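Report on the structure given below.
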Amino acid sequence: MRMAPSPSGPLHVGHTRMAILNDEYVKRYGGDLILRIEDTNPKNIDPDAYHMIPEDLEWLGVNVTKMVIQSDRFDLYYNEARKLMQDGHMYVCTCPREEFKKKRLESIPCKDRDNPPEKNLELFEKMLDGTIKEGGAVAVVKTDLRHPNPSVRDWIAFRIIEARHPKVGDRYRVYPMMSFSVAVDDHYLGLTHVLRGKDQLTNTDKQRYIFEYNGWKKPYYYHYGMIKFPGIKLKTSVMKKGIQSGQYDGWSDIRLGTVRAFARRGYRPETFRRYWINSGLREIDAVFSIEIFDSINREIVDPTAYRFSFVKDPVRIEIRNMPEIKAKLPLHPTHPEYGFREYDVNGHVYISGQDFSAISDGERIRLKDLCYIRKNGDNIVYDGIDMTERTRIINWCPEGSREFSVLKPDGSKDNGLIEPKSSGYRGIAQLERYGYVNFAEKDDVAYFTHA
RNA sequence: GCUCCGGUGGUGUAGUCCGGACAAGCAUAUCGGCCUUUCGAGCCGACGACCUGGGUCCAAAUCCCGGCCGGAGCACCA
């Protein structure tokens, strides 16, 4: 099995499906999982991606057994090309770009198509040594000019790009097209099974010719359907532009759809795995269901998430006639062994502005794990401590709570107070009646995970 | 337009290859009840789907044909 991203940036949620599914197949049936970095277009490479991609995979728990980089293998591709030319399956075309396209569309052979192998090999060397400049020639795989899909007819395998490659510099000027290098690598790397999106269907058809000309055994191909990710920013080039312009604070900005952004928000690797296993390998196109994704994550995270009280848009209230109470709240309702949050309360607490304005006159409500209060006109009065009836229960923060913000993936921010006991906590917590957040870096700000 | 591939509840899927125990399972969402000193937690219940028309067959979600709808590809990108 293999996965083959191009190094234009770190992995995003769209990549995780192929990563997880390939990994899962190897786990279940054995074999190797090869990570192949496809950097055959020097114009589309972010040097940082060479290390970000393996990092992201490691975080996801994907066990890569072998890694290869295509830019290390150009000599192999050139030799395969020479072999195919020798056998008359490939030629070098010197037609102008437009003319080549037009002829192919009309199923007309180009003037170079029937050149003898010697001529093609000679021209190919001229491409390699720089005699022919960018745009001057391409190496083409001979297929079937009457193939119903024009892009499968005599497809281009190598072109000249006069640009500096971030990894190999200007050592090469003739770059293979993805369709070619993939076919060669899939064979020499011994791939038996290939899982890829059905956007690759045409490429599979193109690559077929390479396997047949060489008499190689083709891997089994599975093409899964495309997934839509509504509202998630995935386009690497767009994200990159946003980072450069300062709109985002980096690849892990929580507004982005990168794996690192999801990690920062508090999603767990296991969530990705369970979600994609559940989705399977159908050929049907589907919509990414953030609802289900969140629910999986919630299930994973909830048993260990500490509970804290966060009041948004706080209002300080004075509770009349309230005795001093020592409040004791569990850090986790089903795990008393995690400990408690204890506060002395005498007459003053903060509640959220939203809760405050929702209390109607005369209503009795419960401050969680504290006491009853009742609203009498403009006053809030103490109304007993023992649980006597079921009323609405709201959460509160004691005096000494600190200012706190939650950053949300839509770019918005909720401000309020959080109870003191949360100080120093790192990881995912449930803010009672609010949602789960990740205390990733600091005490006074956390990232919103999900409700 | 051309080539190929698909269509199961709101969403994600199981079942389709090899027709029968599928009056279609699971999850999520929604609604209701119970429980609970948070909850979007737990428990119980409800809700809700085989795109459509024809054919084959004792029997069709499953096989065949047409239609409709959707997607992917049609680069000197990967």
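The chains referred to below are lettered A, B, ... by the order of the sequence lines, with proteins before strands, and numbering in each begins at 1. All values reported here derive from a predicted model rather than from experimental measurement.
- A/I284 comes within contact range of the sugar-phosphate backbone alone, with a heavy-atom separation under 4.0 Å but no base atom that close.
- Heavy atoms of A/K101 sit under 4.0 angstrom from primed sugar atoms or phosphate atoms, though from no base atom.
- Contact annotation: A/R159 side-chain N/O to B/A78 OP1/OP2 distance is under 4.0 Å.
- Note on A/M226: only backbone sugar-phosphate atoms sit closer than 4.0 angstrom, heavy atoms only; bases stay farther off.
- Base pairing annotation: B/G25 forms a Watson-Crick or G-U wobble pair with B/U13, both donor-acceptor distances under 3.5 Å.
- If you check every strand for non-hydrogen atoms under 4.0 Å, A/V287 touches sugar and phosphate atoms only.
- Nucleotide B/U37 holds its C1' atom 11 Å from the CG atom of A/L370, rounded to whole Å.
- Look at NZ on A/K103: it is 17 Å from C1' on B/C76, rounded to the nearest Å.
- Among the heavy atoms of the strands lying under 4.0 Å from A/N41 are primed sugar atoms or P, OP1, OP2 only; no base atom is included.
- A donor-acceptor pair shorter than 3.5 Å cannot be found between the side chains of A/D386 and A/Y372.
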Passes ring pair (Phe, Tyr, Trp, His ring centres under 6.0 Å), A/F404 versus A/F439? Steps please.
CA-CA 11 Å; A/F404 184 74; A/F439 285 75; 5.5 Å; yes
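- The aromatic ring centres of A/Y77 and A/F158 sit 6.0 Å or more apart.
- The interatomic distance linking A/I292 (CD1) with B/A29 (P) rounds to 8 Å, in whole Å.
- Using atom P as the reference point in both B/A41 and B/C4, the two lie 48 Å apart (nearest Å).
- When rounded to the nearest whole Å, the span between CZ of A/R153 and P of B/U3 equals 11 Å.
- Between A/R171 and A/S71, the side chains place no donor N or O within less than 3.5 Å of an acceptor N or O (distance only, hydrogens not considered).
- Contact annotation for A/Q430: base contact, defined as any heavy-atom pair under 4.0 Å involving a base atom.
- Using a 4.0 Å cut-off, some side-chain N or O of A/R282 falls inside it from OP1 or OP2 of B/A14.
- When heavy atoms are screened at a 4.0 angstrom cut-off, A/D205 is found touching no nucleic acid atom at all.
- Rounded to a whole Å, the CG atom of A/D199 is 9 Å from the P atom of B/C74.
- Using a 4.0 Å cut-off, some side-chain N or O of A/R298 falls inside it from OP1 or OP2 of B/A29.
- The aromatic rings of A/Y267 and A/H450 lie tilted to each other, with the angle between the two planes from 30° to 60°.
- Contact annotation: A/R274 side-chain N/O to B/A27 OP1/OP2 distance is not under 4.0 Å.
- Between the P atoms of B/A49 and B/A61, the separation comes to 15 Å (whole Å).
- Comparing the P positions of B/A29 and B/C44 gives an interatomic distance of 16 Å, to the nearest angstrom.
- Among the protein residues, A/E291 comes within range of the nucleic acid bases, having at least one heavy atom under 4.0 Å from a base atom.
- Within the nucleic acid shown, A/Y434 comes within 4.0 Å of at least one base atom, counting heavy atoms only.
- Using a 4.0 Å heavy-atom criterion, one finds that A/R104 contacts the sugar-phosphate atoms exclusively.
- Side-chain nitrogen and oxygen atoms of A/T40 include at least one within less than 4.0 Å of the OP1 or OP2 phosphate oxygen of B/A78.
- Among the atoms of the strands shown, base atoms are found under 4.0 Å from some heavy atom of A/P333.
- Between the side chains of A/D154 and A/Y91, a donor-acceptor pair is found at a separation under 3.5 Å.
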